[in-house]
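Read the structure below first, then the notes.
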2 protein chains.
Amino acid sequence: MGNWTIEEIKNFLIKNGIRPSFYRLKIYQYLLNERTHPSADEIFLYLKKEIPTISRATIYNTLNLFLNKRLVQLINLERDEARYDATLSWHAHFKCLNCNKVFDFHIESLKLKGVEGFQILEKQLNLAGYCAQCQKK
Amino acid sequence: MGNWTIEEIKNFLIKNGIRPSFYRLKIYQYLLNERTHPSADEIFLYLKKEIPTISRATIYNTLNLFLNKRLVQLINLERDEARYDATLSWHAHFKCLNCNKVFDFHIESLKLKGVEGFQILEKQLNLAGYCAQCQKK
DNA sequence: CAAATAATTATAATTATTATAAAATTAAAA
DNA sequence: TTTTAATTTTATAATAATTATAATTATTTG
Ligand SMILES: [Mn+2]
Ligand SMILES: [Mn+2]
Ligand SMILES: [Zn+2]
Ligand SMILES: [Zn+2]
């Protein structure tokens with residue numbers, strides 16, 4: 001249920017200095033429309049259904065390109081695989097240890113001590129536990 | 001310059017249901033005394049100097065044992081390797097992208113929205129950027 | 001169109017971590 | 001103490017995410 005048309009995504013990529021190849025459009029569209037914070041492999045398996053010839057290397061190449069151009073952010077929720085988020089705003093991620101879904105939380109405020117002199121370029125707040133649904137069991 | 005004696009560490013492990021083998025003592029002592037948030041490999045290479053017969057598997061086994069018994073916390077700062085911290089309190093970690101050192105920050109306050117109904121069991125706040133030293137270049 | 005450039009693929013390489021089974025050590029029983 | 005059982009450690013292989021490489025395909029440019 002994306003609100004972006006393919007044409008809009010195309011222009012957006014061009015505006016960010018990325019040539020809008022078919023695969024890049026597809027991958028960015030998936031990140032925009034399915035807001036599930038997918039891993040590289042989830043994207044690969046999803047696109048494979050439509051485009052059986054697609055290669056994992058393309059997914060990794062494209063995600064790294066998007067990261068460098070700051071179109072997506074990397075989420076370090078799990079040790080075994082990276083997740084990606086097309087929402088760039090500063091928000092927290094919660095992973096349910098039962099259903100494995102990833103939820104977004106809005107951060108109202110955060111106060112740190114001792115950061116004077118440090119140049120903070122990246123921030124990530126990662127949480128884990130059990131979501132409301134999974135607790136009813 | 002640890003303030004814990006080997007005897008104290010021994011008793012601490014026993015109190016936590018861990019048999020205080022030589023290697024376990026050494027590994028926990030390293031985590032306590034060198035507060036550098038080491039990776040498994042850093043611990044391995046350090047102990048190897050003293051005990052050349054030590055195996056990487058022992059390091060991983062022991063760290064996982066410590067994690068299960070909640071003696072250390074895992075820090076997910078980097079995608080390529082896990083770091084470990086014998087300080088269990090809730091605090092943030094900052095990694096300098098230049099010198100690669102990891103710094104602790106005290107968290108004065110944090111307010112999240114929309115967490116009602118969620119059971120939060122784990123929290124991690126990870127930062128990256130340039131430390132004060134490295135900025136003077 | 002032809003040449004140059006860029007994107008994609010298939011495949012191999014890398015590397016942190018886990019699994020497995022044998023050997024060594026320690027604890028418990030006799 | 002000797003024997004036996006349980007635990008720990010080691011060496012090695014397996015796993016799996018990611019990156020590197022080189023060949024192929026597609027696109028752009030003159
Ligand atoms: Mn998100
Ligand atoms: Mn710390
Ligand atoms: Zn859940
Ligand atoms: Zn630094």
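Everything quoted here is computed from the prediction, not taken from an experiment.
B:F66 and B:Y84 have their aromatic ring centers separated by at least 6.0 angstrom.
Contacts between residues 18-25 of chain A and DNA chain C, defined by a heavy-atom separation under 4.0 Å, are made by A:R19, A:S21, A:Y23, A:R24. Contacts between residues 61-88 of chain B and DNA chain C, defined by a heavy-atom separation under 4.0 Å, are made by B:N64, B:D80, B:E81, B:A82. Only A:T53, A:I54, A:S55, listed by number, bring a heavy atom of residues 46-55 of chain A to less than 4.0 angstrom from any atom of DNA chain C.
Distance, A:L45 CG to D:dA17 C1': 13 Å, rounded to whole Å. Atom CZ of A:R56 and atom P of D:dA17 are 8 Å apart (whole Å). Rounded to an integer number of Å, the gap from B:F44 CZ to C:dA16 P is 12 Å. Atom-to-atom, NZ of B:K10 to P of C:dT26 comes out at 11 Å; the value is rounded to the nearest Å. Atom pair B:L13:CG and D:dT8:P shows a separation of 12 Å (rounding to whole Å applied). Residue B:Y60 contributes atom OH, which lies 13 Å from atom P of C:dT15 at whole-angstrom precision. Rounded to whole angstrom, the span from the CD1 atom of A:I59 across to the P atom of D:dA17 amounts to 14 Å. Rounded to a whole Å, the CD1 atom of A:I27 is 9 Å from the P atom of C:dT9.
Counting only distance, with no hydrogens or angles, the side chain of B:R24 and the backbone of B:T62 share no donor-acceptor pair below 3.5 Å. A donor-acceptor pair under 3.5 Å is absent between the side-chain atoms of A:R83 and the main chain of A:I75, judged by distance alone. Between the side chain of B:N98 and the backbone N or O of B:Y130 there is no donor-acceptor pair closer than 3.5 Å. B:Q135 places a side-chain N or O within 3.5 Å of a backbone atom of A:G117 that can act as its donor or acceptor partner.
Relative orientation of the A:F105 and A:F94 rings is tilted, given thresholds of 30° and 60° on the angle between their planes.
Checking each of A:N126, A:D85, A:N76 against A:H93 for a side chain to side chain donor-acceptor pair (under 3.5 Å) leaves exactly one that passes, namely A:D85. For the side-chain contact (heavy atoms from CB on, under 4.5 Å) test with B:L63, the passing option among B:I59, B:L65, B:L67 is B:I59; the others fail.
The number of heavy-atom neighbours closer than 6.0 Å to CZ of A:F103, taken from other residues, nucleotides and ligands shown, is above 12.
You'll find that the side chain of A:T58 is closest to C:dT8, out of C:dT8, C:dT17, D:dT9.
Closest non-hydrogen pair, A:A92 versus A:L127, comes out as CB-CD1, 4.4 Å. The nearest pair of heavy atoms linking A:N3 to A:E8 is O-OE1, 3.7 Å.
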